[in-house]
Number of protein chains: 2
Amino acid sequence: MATERGAGGGRLGGVFTPVLTPFGADLAPDPRRFVRLCRWLLDHGCAGLAPFGTTSEANSLAVGEREALLDALLAEGIPAGRLLPGTGCCALPDSVRLTAHAVRRGCAGVLMLPPFYYKGVSDDGLYRGFAEVIERVGDDRLRVYLYHIPPVAQVGIGPKLVERLRAAYPRAIAGMKDSSGDFANTRTMLDLFARDGFDVFVGSERFLLENLRAGGVGCITATGNVNAPAIDRLYAGWRGPDADRLQEEVNGLRGLIEKLPVIAALKAVVAHEAGDPGWATVRPPLVPLPEDRRGPLLAELRARGFAMPGLAG
Amino acid sequence: MATERGAGGGRLGGVFTPVLTPFGADLAPDPRRFVRLCRWLLDHGCAGLAPFGTTSEANSLAVGEREALLDALLAEGIPAGRLLPGTGCCALPDSVRLTAHAVRRGCAGVLMLPPFYYKGVSDDGLYRGFAEVIERVGDDRLRVYLYHIPPVAQVGIGPKLVERLRAAYPRAIAGMKDSSGDFANTRTMLDLFARDGFDVFVGSERFLLENLRAGGVGCITATGNVNAPAIDRLYAGWRGPDADRLQEEVNGLRGLIEKLPVIAALKAVVAHEAGDPGWATVRPPLVPLPEDRRGPLLAELRARGFAMPGLAG
C-alpha cells in the first residue's frame, strides 16, 4: 500500500477505489453502509479512496448528497489525506462548490471530470472550464487529477489540454486517471508528462503492471470495491518475480465483472459478502443485476475462494 | 401563435424557444437580460418558451440557478402557462426538485431529458428514472414532454419506452421534443402515438411543416431565439398556399446558424441586436463565437434584412 498523504502534502500512489454508493429502499444515500465499506477498503489494501467516481453513481447524486456523504466519512474518522473525491460536474458552480468543499476538508486531491453534456467541445472551452474551477477555488492546497473516461463521458482530455493546464497550473494539476481502456493513450501521457511529476493512474487494474513499469503511480479501479487486497498485492509486488502471475490473478476476477453491468455486479457481490441485500440497490438509470446473472457470478466467485472477510456486520 | 394554456389545462402547440441564458462577466446568470429576451420572444411569435434547454446551457447551470431564473420570469409577469422549462438531470433528486418547482409554479409542462451520464443504459432503467420523477412529484398537473436529443445526450428515448411510459402515465406523459434531426424517427413517434393525444414537437424548424402535416404540434427550436417571428409565420400559414415558401425562408436563416457553433452564434446575434455585447458570454465548456466568424454572420444577416426590432434597450 502506498503511503497516505495530506492535502497538498505530496504525491499519491497505489490502489484507489471509486467506492460504491449504497442506497436505502427509498433511494436515499446510506452513510452507515458507505462508511463501513470505506473502512473495509482502507483496511484491505486501498492506499486511498476515490468516492464519487463513475462506479459510485456520482452523477446520479445531488451536489448536497455528495457533500453530506463526504462529511459522514470524515466524521467517522476516515482520513481526508486518503480521499480523492470526484468533483467534476456539467455546471461550473457545482464543480467549484464540490472542489472547494473537498479542499477545505483536507482531501488529498480531487478527481475531476470535464463538463460532459456538450459533445465535440473545444480544448479552449475545456481549458477554460478547468481553469475557472481552479481559480475560483483559489486554494494552494488543491490537487486536481484529471479524469479521462471517453467511453462514458464522451468528452475526453487529450495531451494538448493537459500540457496547457500543466503550464498554467503546475502545482494544481497533479495527475490524471486514464479510463480510456487504451494503454497506448496512457503511455502517451506518461511519456509526455510523468517525468515532470504528473502522476498517472490507470482506470483498470488490467493495466496496473504496465502502468507502473512505464512510470505511472497506481490505479483507480471499480473492481477495487471487491478485490482491493489482490490488486494491492500486485501493487506491492510489481518489481518482484511474481508480478506477472499477480497481474494474471487480478485479471481473472476483473474478467468476471467486466462481462456484466459493472456497477450492478459489484453491488451484488458486496450485498452478498456483507450479508446485506439492500446493498444491491442502484439509482436509475441503472438497474440491479438480474437474478439469472447474479447466481452464476456468485457461484463462480465461490469456486475461486473469493471472500471479503470482516465486511459482514 | 398557438393559444397558451395553464398547467394541466390542455395541449400545447406552436413555436417554442429554448431561451438563451445570459451571463454577466463573472459568469453569473443575469435575470434582467433573461426576462427581457423572454418578453420579446413572447411578443414576437412564440407560443411559449422552453427555458433550460440545450440551447439555454441548462446543464451548465446549478439547480438553484435554474430555480432562481424561473422565479425571476414569473416575478416579472411572464405567464407560467406559456413555460415549458427543462428539468431532466443526471441525478434523480435534481430532476424531482426542478420538476416539482415548475409544477408548483403552474408551468404548462416540463421538458425532460433522460439521465445522460451513463451510456448504453436499458429502457428498464430509463423507465424507472422517468417513473420515479413522476411518482415523487406526485402532482396531477404534471405534463412531461420527453426530450430526445441523441446527438448531445447520447442517451435516447425510443418508441418502446414512450409506449411503456404512456401506458403507465397516460395523463402525465404529454408529448415529446424530437431533436434527433431524423424526421423518420419523428414520423414513427407520430404514427404510433399522435392519435392518442401525444404531442410531438420537432427540435428544428426545418421539420416544422413536415411535422404539422404528419400530425405534430409545433417546434421547440434554438433558432427561435432570433427568428421566432418568421417561424411563427410558417406555423400560422402551414395549411395555406405559401407554406412551402415560408418553410424555405426559415431554412435560410437556420442554415446560416447551423454551420456555426449554434449557441455561441445565437448569443452573438442577440448581443448585436440588443446592442449589448455582454450577451455574447457563454459558460465553459462553450466558447464565444470567434470574431472571424461573427463578422461574416452579422453581415449576412444584415444583407437579408434581418432584425429584432425592439430588443435593444
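We use all heavy atoms of the structure for the numbers below, so side chains are in, but hydrogens, waters and symmetry mates are not.
For B:Thr54, the parts sitting under 4.5 Å from any heavy atom of chain A are the backbone and the side chain alike. Proximity to chain A (any heavy atom under 4.5 Å) is shown, for B:Pro114, by neither the backbone nor the side chain. The contact between B:Glu57 and chain A is made by backbone and side chain atoms together, counting heavy-atom distances below 4.5 Å. When heavy atoms are compared at a cutoff of 4.5 Å, B:Ala58 approaches chain A solely by way of its backbone atoms N, CA, C and O. With a 4.5 Å cut-off on non-hydrogen atoms, B:Asp26 touches chain A through its backbone but not through its side chain. For B:Arg136, the part lying under 4.5 angstrom from a heavy atom of chain A is the side chain only.
For the set A:Val152, A:Leu61, A:Leu126, A:Val287, the count of heavy-atom pairs under 4.5 angstrom toward chain B peaks at A:Val152. When the candidates B:Val63, B:Asp94, B:Leu27 are compared by the number of heavy-atom contacts under 4.5 Å with chain A, B:Leu27 comes out ahead.
Taking all atoms of both residues into account, the shortest heavy-atom contact from B:Pro284 to A:Glu132 is CG-CG, 4.2 Å. Shown here for A:Ala91 and B:Ala62, the closest heavy-atom pair between the two residues is CB-N, 3.9 Å. Scanning all heavy atoms of the two residues, the minimum distance from A:Val282 to B:Arg128 falls at O-NH2, 2.8 Å.
Interatomic distance, B:Leu92 CG to A:Phe23 CZ, rounded to the nearest 0.5 Å: 9.5 Å. Atom-to-atom distance recorded for B:Gln154:CD and A:Gln154:CD is 4.0 Å, nearest 0.5 angstrom. Atom CG of residue A:Asp124 and atom CG of residue B:Leu286 lie 12.0 Å apart, to the nearest 0.5 angstrom.
B:Asn59 is not listed as a side-chain neighbour of A:Phe116, based on a closest heavy-atom distance of 4.5 Å or more. Under the 4.5 Å side-chain criterion, counting only non-hydrogen atoms from C-beta, B:Tyr118 is not in contact with A:Pro261.
Environment of NZ in B:Lys119: crowded, with over 12 heavy atoms of neighbouring residues, nucleotides or ligands closer than 6.0 Å.
For the pair B:Arg283 (side chain) and A:Gly129 (backbone), a donor-acceptor distance under 3.5 Å is absent.
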